[in-house]
Student: 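Starting off with a structure, shown below.
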Amino acid sequence: MSGLGCIGLLLLVGSVLLPLQSQAGFYEDSGENRGDYARIQSAPVAAPAQDAVHAIPAEEPESPLPAMTPEEIQAQERAAELALIREKSLAWIDEVSGQIPGLRYREQLARLYHGVGYVPLWQDSFTVSDLEQQLWVLTLAEVSPDFEARLKQLKHLKQSRDWRQYDLLATDTLLAYLSFIEHVLDGGSQWLFGQEVPARIPAPAEATLDTLMAALERDQLNTFVASLKPAGRQYPQLLQAIDRMEKIAQKPWPVFSQAGIIRLGAWLSNPDALITMLERLGDLSPGEAAQLRASGKRHYNVDLVSAVKHFQQRHGLKVDGAIGPQTRSWLAVTPQQRIRLLALNAQRSRVWVSDHPSRLIVNIPGFALKLWLDNQRVFDARVIVGQPKRPTPVMTSRISSVVFNPYWNVPNSIMRKDILPKVRYDRGYLYRHHYDVLRGWNSNEKIPISSIDWRYVSAKNFPYRLRQKPGAHNALGRFKFNIPNNQAIYLHDTPSKSLFNKDFRAFSSGCIRVQGADELAKVLLTYAGVSEARFDELAGRRSTRTVGVKTRIEVFLIYQTAWVDEQGLVNFRPDVYQYDEQDKNSPDSEKFASVYKN
């Protein structure tokens, strides 16, 4: 058993140890014997005196205690030994830690340092730099003030050259970082998507501690720390973007506040501010910026329009070259705010696997779908995602089947909030939109619509379910793409094609509407082995048919408001669900929503 495994039982035997320690004289009032390993190891367990036993008056003699078996004696001795190890290790932690604020995982630290013989863990400067850089990116994201305080204290201890305390705090911080990563990856927490990180993060799981201990025993802490960075190309690319933005942030950010819609030929009240913004952000080259300044012209000319179009492309705006409310709002985002968005999205890249060979990725704030098959990008599409009040969840799944001419089983939330209020005032609504009323979720028995007294129907007392018939009128359109999950989320076609022409496309009730759903269905099923002739036959029918997709195609519904694209350009998108805490650090999401919708 490893050192960590040997003392992993310490917490489990805690309730047994206290009486043992008391019998052994472990805790003396003077404190002189605390941690005295040799004395405690040889200390016998006191037995009650015979005279004291006979002096107790009793009507009936008490039953003698059963003799301990050799196994029980051995277990008791082992428990006492573990207690001594624990006490010694904790005493060492207390001695070394001194006045370190925020030291949180004393039990785990005691086990780790005992397991390696109390030697320093952070002797390699490259490993130290790697940990500090990862913490630096985490602090830039501003998801937890605790990590920021820890990093500051580590730098302070390094400057004061207090290496023992630095070593202890670095290990404690590593444990906090490991627990943070665990909670981000398990899907239960939404710490990177609007949910507040608690001030005290629980200790990492035992399996994680075992992996760390194994790395320490093999002298591979450097490899272990390096493995904690998000996988894929996005993380290093975003770090490079942060480095460039930090250089820009050293200078004051200009103010460009000219109101109205600025189009080609318009007079500019402050052309230098606009030129400087576009130059620093990389949408104007330094040479182009110098020529524009040298010309002394104060009109919005072709060169500036071209640079603004480039800027609009990177921010998911309508690429028309006109400077309106949306473009002006993004121009006002400072380098400091952009750094936080880049760092936050660098952390978010942990949540999804960007290099799976066959994958379908929907970026929710980007309103975009991309499909790779065998590492070849084969399909792109615009999508419509959940409105802010009914957001599309961040999740991972796979394509399980494609449904031709699907029925729409109306979710209870939509039925109660959207449809039933309309039916009470318009009895013909269900007929016109081709709905059936069924007995329940476990029954396909149809209830005549005319038999229901709609005057007494409400969202709370409606016992039936609604199902919309297949056809061109169906809310799911001609195709539905099933992705197993417990939130009833799927991708589908839609009869409302015109909404795809809008730039802001958060209009659904949570599911994802796909532009070109017929083409997506054909690509997926062809890859799964369905012939083109068979696909055309199924698509030409009016009946409902489900075709399974056995070939593994991963699905990632992600929330990425900043990333680096294939051309190396840094992209930003509006925070449609306010997961970026925009009231503090980025453009206000409600403002963006109203701007886009208008």
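Computed from a predicted structure; not experimentally measured.
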Student: Do R200 and D146 sit within salt-bridge range, that is, some charged N less than 4.0 Å from a carboxylate O?
Tutor: no
Student: Report the C-alpha separation of Q387 and S508 in whole Å, then their side-chain angles, then the decisive distance to 0.1 Å, and conclude whether the side-chain hydrogen bond (donor to acceptor under 3.5 Å, both in side chains) test is met.
Tutor: CA-CA 6 Å; Q387 56 191 283; S508 82; over 6 Å; no
Student: Hey, what's the ring geometry for Y579 with Y577, parallel, tilted or perpendicular (30° and 60° as the breaks)?
Tutor: perpendicular
Student: Taking C-beta and beyond as the side chain, do H492 and V514 meet within less than 4.5 Å on heavy atoms?
Tutor: no
Student: Could you walk me through whether R150 and T173 pass side-chain hydrogen bond (donor to acceptor under 3.5 Å, both in side chains), step by step?
Tutor: CA-CA 7 Å; R150 286 173 175 273; T173 301; 3.0 Å; yes
Student: When you measure from the side chain of S179 to the backbone N and O of P202, does any donor-acceptor pair fall under 3.5 Å?
Tutor: yes
Student: Counting distance only, does the side-chain N/O of S397 pair as donor-acceptor with the main-chain N or O of P484 below 3.5 Å?
Tutor: yes
Student: Keeping to residues at least two apart or across chains, list the side-chain hydrogen bond (donor to acceptor under 3.5 Å, both in side chains) pairs with something in residues 361-374.
Tutor: D374-Y527
Student: Parallel under 30°, tilted from 30 to 60°, perpendicular over 60°: which one fits the rings of F504 and F367?
Tutor: perpendicular
Student: Report the relative orientation of the aromatic rings in F193 and W352; use parallel for angles under 30°, tilted for 30 to 60°, perpendicular for over 60°.
Tutor: tilted
Student: With sequence neighbours excluded, give me every side-chain hydrogen bond (donor to acceptor under 3.5 Å, both in side chains) pair touching residues 274-283.
Tutor: T276-R293, E279-R293, D283-H310, D283-R314
Student: Is a donor from one side chain sitting under 3.5 angstrom from an acceptor on the other, for Y559 and N345?
Tutor: no
Student: For the pair R111 and E107, find out whether any cationic side-chain nitrogen is under 4.0 Å from an anionic carboxylate oxygen.
Tutor: no
Student: So, R340 and E142, do they make that salt bridge, N to O below 4.0 Å?
Tutor: yes
Student: Contact between R552 and R398 at the side-chain level, heavy atoms closer than 4.5 Å - yes or no?
Tutor: yes
Student: Sequence neighbours left out, what passes salt bridge (charged side-chain N to carboxylate O under 4.0 Å, His left out) with D130? Give chain and number order.
Tutor: K229
Student: Testing the 3.5 Å rule here: is there a donor-acceptor pair between the side chains of E182 and T208?
Tutor: yes
Student: Answer yes if the ring centres of W92 and Y113 are under 6.0 angstrom apart, and no otherwise.
Tutor: yes
Student: Would you kindly say whether Q165 and S97 are connected by a side-chain donor-acceptor distance under 3.5 Å?
Tutor: no
Student: Would you tell me whether N571 and D565 have side-chain atoms, one donor and one acceptor, within less than 3.5 Å of each other?
Tutor: yes
Student: Between R350 (side chain) and L228 (backbone), is there a donor-acceptor pair under 3.5 Å?
Tutor: yes
Student: So does E132 pair up with K155, basic N to acidic O under 4.0 Å?
Tutor: no
Student: Ignoring hydrogens and geometry, is there a side-chain-to-backbone donor-acceptor pair from R505 to V383 under 3.5 Å?
Tutor: yes
Student: Any chance the side chains of R390 and S509 put a donor and an acceptor closer than 3.5 Å?
Tutor: yes
Student: Between D580 and T561, do the side chains contain an N or O donor and an N or O acceptor separated by less than 3.5 Å?
Tutor: yes
Student: Between T171 and W122, do the side chains contain a donor N or O and an acceptor N or O under 3.5 Å apart?
Tutor: yes
